[in-house]
Amino acid sequence: MKAINLFSLFLCLILISCSTESEADYNFSDQQEFTPEPLYRNIDSPVMKLKNPASGKKQSKDTYVALAMAEYITSTESGQIGNTIYFNNRGNKKLSFDFVPFLSEDGTSDISYYVDNSRPSKDLDVNVTNAAIDRAMNTWDELTCSDLGIYEYVPEEIVSTGYITKLLFDLGYTTTDFGGSYDYFGDVVHSGWLPAEFFDIPIIFGSEGGSDSVIGVTFTINYTDEFGIPIDLDNNGKSDVAWREIYYNDNFTWNDGSTFDVESIALHEAGHGLSQAHFGKLFQTNSNEKFHFSPRAVMNAGYVGGAYTDIQRTDEAGHCSNWASWSKR
């Protein structure tokens, strides 16, 4: 992978100071701001010994992983705002997670992704959804401040992924078996569309559920030691990510180019897959009860409808600050 010029780091600092819209554009006397606090869930998640069918190689030593966090986006029409959930924060108490080049299970410092077609959307053909997800991944890959070498892992046959779905079923948090596997299939795994029941599992989405509000969710599976303590091999202050899994809510009516647009949501969730957090403040105008974000960005915690597939300067700044030095780590 090519070395990234220091100019990229300088550029991302400039971008952070800019946005596509100014908070001064709004009459804040008629605004109500929503600022949710992160959520914490106590899931007694076991430590799993990792298997890696994607690499085709026998692992030389035992590798352990566990569920770390989840980030989800909501429809603003639901009156709910997306949030972050932390699971079983313990050990070194680190609440940030990131990939490590020399620790990747695909054997490279490139970022791999997999699209699971065993859980298709009820509304769109898999060829349509796959193309939309590919476009979303390519959009992040084309940012010039980084050289991630994003590529798709394509197995010889369709396999059912889902560390999260298997974990929740095995632990008894759902009586429905959504399929799944504790194996690694890529750094960012688009694990498909799941019915409303999944998004109403209380241990994840609370007693009120999220089937009518949560559009998509990204889970982080991180590396641990055999006792479940997160590891930080590159000493960057962040726990090391094994992979991330993305699930889409099939309770919504999905479309290609309009509400609810697959590419728009996939772009947002892939941002989480690439270690980006939510960005921007959510306001509701009291006079008309409409929601808006300031600044507007792909990584806003809520989806206001339509197709929104252009990376904004704040999105790019967040990406560049994290990935511009990737090849040098």
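Sequence positions, counted from 1, serve as the residue numbers for this chain. Since this is a predicted model, take the numbers as computed values, not measurements.
In this structure a side-chain-to-backbone donor-acceptor pair under 3.5 Å is missing from D177 to D170. Of the possible polar contacts, none joining the S258 side chain to the N255 backbone as a donor-acceptor pair under 3.5 Å is found. In this structure, the side chain of D261 does not engage the main chain of G305 through any donor-acceptor pair within 3.5 Å. Of the possible polar contacts, one joining the D315 side chain to the M299 backbone as a donor-acceptor pair under 3.5 Å is found. At distances below 3.5 Å, not a single donor-acceptor pair connects side-chain atoms of D232 with backbone N or O atoms of S239. Here the side chain of H272 pairs no donor or acceptor atom with the backbone of A277 at under 3.5 angstrom. With hydrogens and angles disregarded, a donor-acceptor distance shorter than 3.5 Å links the side chain of H268 to the backbone of V298. Judged by distance alone, the side chain of R119 and the main-chain N or O of F178 form a donor-acceptor pair under 3.5 Å. A distance-only check finds no donor-acceptor pair linking the side chain of T74 to the backbone of V214 [under 3.5 Å]. In this structure, Q312 contributes its side chain and D310 its backbone to a donor-acceptor pair below 3.5 Å.
Side-chain contact check for V65 versus V47: every heavy-atom pair is 4.5 Å or farther apart. Between V126 and V115 there is no side-chain heavy-atom pair separated by less than 4.5 Å. Using a 4.5 Å heavy-atom cutoff, the side chains of I204 and L168 are in contact. Put simply, the side chain of E245 does not reach to within 4.5 Å of the side chain of V217, judged on heavy atoms. Within the 4.5 Å cutoff, the side chain of L124 has heavy atoms near those of the V262 side chain. Between D125 and T129 there is no side-chain heavy-atom pair separated by less than 4.5 Å. Between E152 and M137 the shortest side-chain heavy-atom distance does not fall below 4.5 Å. W140 places a side-chain heavy atom less than 4.5 Å from the side chain of I311.
Every residue was checked against the salt bridge (Lys or Arg N to Asp or Glu O under 4.0 Å) condition with D225, not counting sequence neighbours, and none meets it. Residues that satisfy the side chain to side chain donor-acceptor pair (under 3.5 Å) test with T161, not counting sequence neighbours, are D116, S191. Not a single side chain to side chain donor-acceptor pair (under 3.5 Å) links N83 to another residue, sequence neighbours left out. Evaluation of the side chain to side chain donor-acceptor pair (under 3.5 Å) rule for D212 yields N251 as partners, not counting sequence neighbours. Among residues two or more places apart in sequence or in another chain, the ring pair (Phe, Tyr, Trp, His ring centres under 6.0 Å) test is passed with W193 by Y248, W254. Residues passing the ring pair (Phe, Tyr, Trp, His ring centres under 6.0 Å) test with Y163, sequence neighbours excluded: Y182, W243. In this view, T176 and E197 satisfy the side chain to side chain donor-acceptor pair (under 3.5 Å) rule, not counting sequence neighbours. Taking S104 as the reference, D106, Y184, D187 meet the side chain to side chain contact (heavy atoms under 4.5 Å, CB included) condition, with sequence neighbours excluded. By the side chain to side chain contact (heavy atoms under 4.5 Å, CB included) test, S181 is found to be paired with D183, F185, residues two or more places apart in sequence or in another chain being considered. Partners of F199 according to the ring pair (Phe, Tyr, Trp, His ring centres under 6.0 Å) rule, which considers only residues two or more places apart in sequence or in another chain, are F205. Partners of T259 according to the side chain to side chain contact (heavy atoms under 4.5 Å, CB included) rule, which considers only residues two or more places apart in sequence or in another chain, are Y303.
Remark: K122 NZ is packed, more than 12 non-hydrogen atoms of other residues, nucleotides or ligands lying under 6.0 Å away.
Criterion: ILVMFWY side-chain heavy atoms under 4.5 Å apart, direct or through other members. Under it, I150 and V154 are not part of a common hydrophobic cluster. L267 and Y151 are not part of a single hydrophobic cluster, where members link through side-chain heavy atoms under 4.5 Å apart. Cluster membership check: Y173 shares its hydrophobic cluster with L167, using side-chain heavy-atom separations under 4.5 Å among Ile, Leu, Val, Met, Phe, Trp and Tyr.
Residues E105 and Y223 have side chains that bring a donor and an acceptor to within less than 3.5 angstrom of each other. Judged by distance alone, the side chains of E269 and T218 do bring a donor and an acceptor atom under 3.5 Å apart. Side-chain atoms of S211 and D200 form a donor-acceptor pair, as typed in the model, at a separation below 3.5 Å. For the residue pair D98/S275, the side-chain donor-acceptor check at 3.5 Å is satisfied.
Here the OG-CG distance, from S294 to N300, works out to 9.0 Å after rounding to the nearest 0.5 Å. To the nearest 0.5 Å, atom CD1 of residue I231 and atom CG of residue L103 are 5.5 Å apart. Here F99 contributes atom CZ and N236 contributes atom CG; the two are 12.5 Å apart, rounded to the nearest 0.5 Å. To the nearest 0.5 angstrom, I265 atom CD1 is 9.0 Å from F252 atom CZ. With values rounded to the nearest 0.5 angstrom, D123 atom CG is found 5.0 Å from T253 atom OG1.
Shortest non-hydrogen contact noted between G257 and A307 is O-CB, 3.7 Å. Pairing each heavy atom of L67 with each of F219, the nearest pair is CD1-CD2, 4.0 Å. Shortest non-hydrogen contact noted between Y72 and H278 is O-CE1, 3.1 Å. Summarising the geometry of I111 relative to W323, their closest heavy-atom pair is CD1-CH2, 3.9 Å, with the distance given to 0.1 Å. Nearest heavy-atom pair, I203 versus N42, reported as atom, atom and distance to 0.1 Å: CD1-O, 3.9 Å. Nearest heavy-atom pair, A68 versus F97, reported as atom, atom and distance to 0.1 Å: CB-CE2, 3.5 Å.
Each of E71, R41, M69 was evaluated against I85; a single residue qualifies, R41, per the side chain to side chain contact (heavy atoms under 4.5 Å, CB included) test.
At least one cation-pi condition fails for R244 and Y113: the charged atom is not both under 6.0 angstrom from the six-membered ring centre and inside a 45 degree cone around its axis.
Residue pairs that meet the salt bridge (Lys or Arg N to Asp or Glu O under 4.0 Å) test with at least one member in residues 134-146, sequence neighbours left out, are R135-D256, R135-E263.
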